[in-house]
Amino acid sequence: MVDNPELRGPQDRSRISLHEEHEVRYWTHKWGITKDELADAVHAVGHSAAHVARHLGRSEYD
């Protein structure tokens, strides 16, 4: 499935893509973190939103 950059959030909210700017904006805004903090978390625990949230000490649903 092709991502539509006109959509404000990720199409698959269970995975984080660092290659899609609109997804990076969504996740950094959602958790109040920087792009670098998001990238560090993804590199540490993988692309799962649940794992990244846990790594950041946040709820997946925050």
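Side-chain atoms are counted along with the backbone in the values below, which use heavy atoms only and exclude waters and symmetry mates.
- Judged by distance alone, with hydrogens and angles left aside, the side-chain atoms of R58 form a donor-acceptor pair with the main-chain N or O of L56 at under 3.5 Å.
- The two residues L18 and A39 make their nearest non-hydrogen contact at CD1-CA, 3.9 Å.
- Pairs passing the side chain to side chain donor-acceptor pair (under 3.5 Å) check and including a residue from residues 42-55, sequence neighbours excluded, do not occur.
- In terms of heavy atoms, W27 sits closest to A49 at CH2-CB, 3.6 Å.
- Contact between S59 and W31 at its shortest, heavy atoms only, is O-NE1, 3.4 Å.
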- Message: Apply side-chain contact (heavy atoms from CB on, under 4.5 Å) to residues V24 and L38 and explain how you reach the verdict.
- Response: CA-CA 8 Å; V24 172; L38 179 63; 4.2 Å; yes
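- Within the structure, the salt bridge (Lys or Arg N to Asp or Glu O under 4.0 Å) test picks out the following pairs touching residues 33-47 (sequence neighbours left out): E21-K35.
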